[in-house]
Each structure stands twice: as structure tokens, then as C-alpha cells.
Amino acid sequence: MKTLWTPWRMEHVEGSAERTYGCIFEPPGETTSDKEHLLLLRSPLLVVLLNRFPYANGHLLVGPRRHVAEITELTGDEQGALMALLGFAAQVLRLRFHAEGINIGLNLGVCAGAGIPGHLHFHVVPRWPGDHNFMTVLADVRTIPQHIERSFDLLLPDFQQYLAQKDYVKHEEP
């Protein structure tokens, strides 16, 4: 029998983890990235975060910077920038995590599964053959093979490079 160790999750299981208040998609400050808040990218229009409770390592949350709940509330610039960034995020996950597939999903409203219904966001999840096993099905437990800080360090340079692109900056300036 193999032992699966994920001690970093115990504080969440026990309920002793520090509670966060406010919206995770609106981390404090104006920096373009922040490891403490798992913020990989903050641009004038968009944010990308690593999911603190991932389905798989590298699970990203991509959304508008503005606090909007419905897709119909997005501006044309936000819609275009979101689609471009979703494509980039999928490309980076394939490259850095050798993902053989990608799930990209959007849940609008609590009954649709939105965990943060007030701030629209897409889930971008890398996938591999056989990546989910009996643990999730039988015990409602996920096993993630890579520490979230390592995932952050692996992805950050790509998102910093994305922000540095002249075409991207030109597109997003108001």
C-alpha cells in the first residue's frame, strides 16, 4: 500500500486555517503578482490566480479584475482579453505541466456550482489520462502531486512575460 501525504491541507480539514475576507479576485495592492495571494497576473482588466483548493496541480482561476457576477456585464475589451488569456493559460499548462488535455469552465450562479458567485471566473484545469482515482470518488479527497508554491514558481515567469508583451499592454490600456 502506498501512503499519500498532504499535510499542508490539514489546517483546512480541521477548520483552523485563517479565514480570508473580501474577494479573492481583488487581492490588496497593485502588484502584478503576489505569491501570498497566489496571484500570478494582475493587469488593468484581468486577474489569474492559482486555485487554493485545486482539482489538479496547476488549476487556475481566470477572471476580470472588475467585480462582476454575470458574463453580460463584461465589456467588449474584457471579453476579448479574457479569451486571449484563457488561450494563453491553456498553452502554458500544456507546456509546464505536460497536460494532455485542459478543462475550461465557467459556473454562473450558486445553483450552477459557482463557489464565488459575485465575481465571474473561469477554471482552467490541466488533465492527464487516469488523473482522478478512487480517492475522489470514494472519500471526496483529492490528491495533488505538487505543492501549490512550486506550481506558482513554475507558472509565474510565463505570466510575467505575457504582461510584458507590447501588443497585450496596448490592447488593455484604457
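For reference, positions follow the sequence shown, starting with 1.
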**OP:** Please check if L95 and L163 belong to a single hydrophobic cluster, counting links between Ile, Leu, Val, Met, Phe, Trp and Tyr side chain heavy atoms closer than 4.5 Å.
**Re:** no

**OP:** Please assess N103 against H123 for the test side-chain contact (heavy atoms from CB on, under 4.5 Å), listing each intermediate value before the final yes or no.
**Re:** CA-CA 7 Å; N103 288 132; H123 292 256; over 6 Å; no

**OP:** Keeping the roles fixed (side chain from S43, backbone from L46), state whether a donor-acceptor pair exists under 3.5 Å.
**Re:** yes

Original post:
Does a sphere of radius 6.0 Å around CD in Q161 hold more than 12 heavy atoms from other residues, nucleotides or ligands, not counting ones at 6.0 Å or beyond?
Top reply: no

**OP:** Check V125 against A56 and note the closest heavy-atom contact, atom names and distance.
**Re:** CG1-CB, 4.0 Å

Original post:
Closest heavy-atom contact between A89 and L60?
Top reply: CB-CD1, 3.8 Å

Original post:
Does the distance from a Lys or Arg side-chain N to an Asp or Glu carboxylate O, for R66 and E78, drop under 4.0 Å?
Top reply: yes

Subject >> Which atom of I148 lies closest to which atom of L50, heavy atoms considered >> reply: O-CD1, 3.7 Å

Original post:
Can you find a heavy atom in the side chain of F88 that is under 4.5 Å from one in the side chain of D158?
Top reply: yes

Subject >> Value rounded to 0.5 Å, distance of CG in L82 from NE2 in H121 >> reply: 12.0 Å

Original post:
Can you find a heavy atom in the side chain of P28 that is under 4.5 Å from one in the side chain of H37?
Top reply: yes

Original post:
Is there a donor-acceptor pair under 3.5 Å between the side chain of H147 and the backbone N or O of E149?
Top reply: yes

Subject >> Nearest-0.5 Å distance, CD1 of residue I116 to CG of residue L120 >> reply: 11.0 Å

**OP:** Write down the atom of A90, the atom of I102, and the distance for their closest heavy-atom approach.
**Re:** O-CD1, 3.9 Å

Original post:
Between L155 and R96, is any pair of side-chain heavy atoms under 4.5 Å apart?
Top reply: yes

Original post:
Which value, rounded to the nearest 0.5 Å, describes the distance between E100 atom CD and W128 atom CH2?
Top reply: 9.5 Å

Original post:
For L49, which of L39, V62, L40 qualifies under side chain to side chain contact (heavy atoms under 4.5 Å, CB included)?
Top reply: L39

Subject >> Value rounded to 0.5 Å, distance of CZ in R52 from NE2 in H59 >> reply: 13.5 Å

**OP:** Could you pull out the closest heavy-atom pair between G58 and L93, with the gap in Å?
**Re:** O-CD2, 3.4 Å

Original post:
Do R65 and E30 sit within salt-bridge range, that is, some charged N less than 4.0 Å from a carboxylate O?
Top reply: yes

Subject >> Smallest separation among heavy atoms of L156 and S33, with atom names >> reply: CD1-CB, 3.5 Å

Original post:
Do N57 and P126 have side-chain heavy atoms sitting under 4.5 Å apart?
Top reply: no

Subject >> Side chains of L61 and F25 in contact at under 4.5 Å (non-hydrogen atoms) >> reply: yes

Original post:
How about V47 and L41: do any of their side-chain heavy atoms sit closer than 4.5 Å?
Top reply: no

**OP:** Run the numbers on F159 and T32 for side-chain contact (heavy atoms from CB on, under 4.5 Å), then give the verdict.
**Re:** CA-CA 9 Å; F159 285 99; T32 59; over 6 Å; no

Original post:
Side chain of H119, backbone of I24: donor and acceptor closer than 3.5 Å?
Top reply: no

Original post:
Do L154 and F97 pass the side-chain contact (heavy atoms from CB on, under 4.5 Å) test, and can you show the C-alpha distance, the side-chain angles, and the key distance before you say yes or no?
Top reply: CA-CA 9 Å; L154 186 63; F97 291 93; 3.9 Å; yes

**OP:** Would you check, one step at a time, whether the test side-chain contact (heavy atoms from CB on, under 4.5 Å) holds for L45 with L85?
**Re:** CA-CA 11 Å; L45 296 179; L85 186 54; over 6 Å; no

Subject >> N/O donor-acceptor pair under 3.5 Å between R42 side chain and P27 backbone >> reply: yes

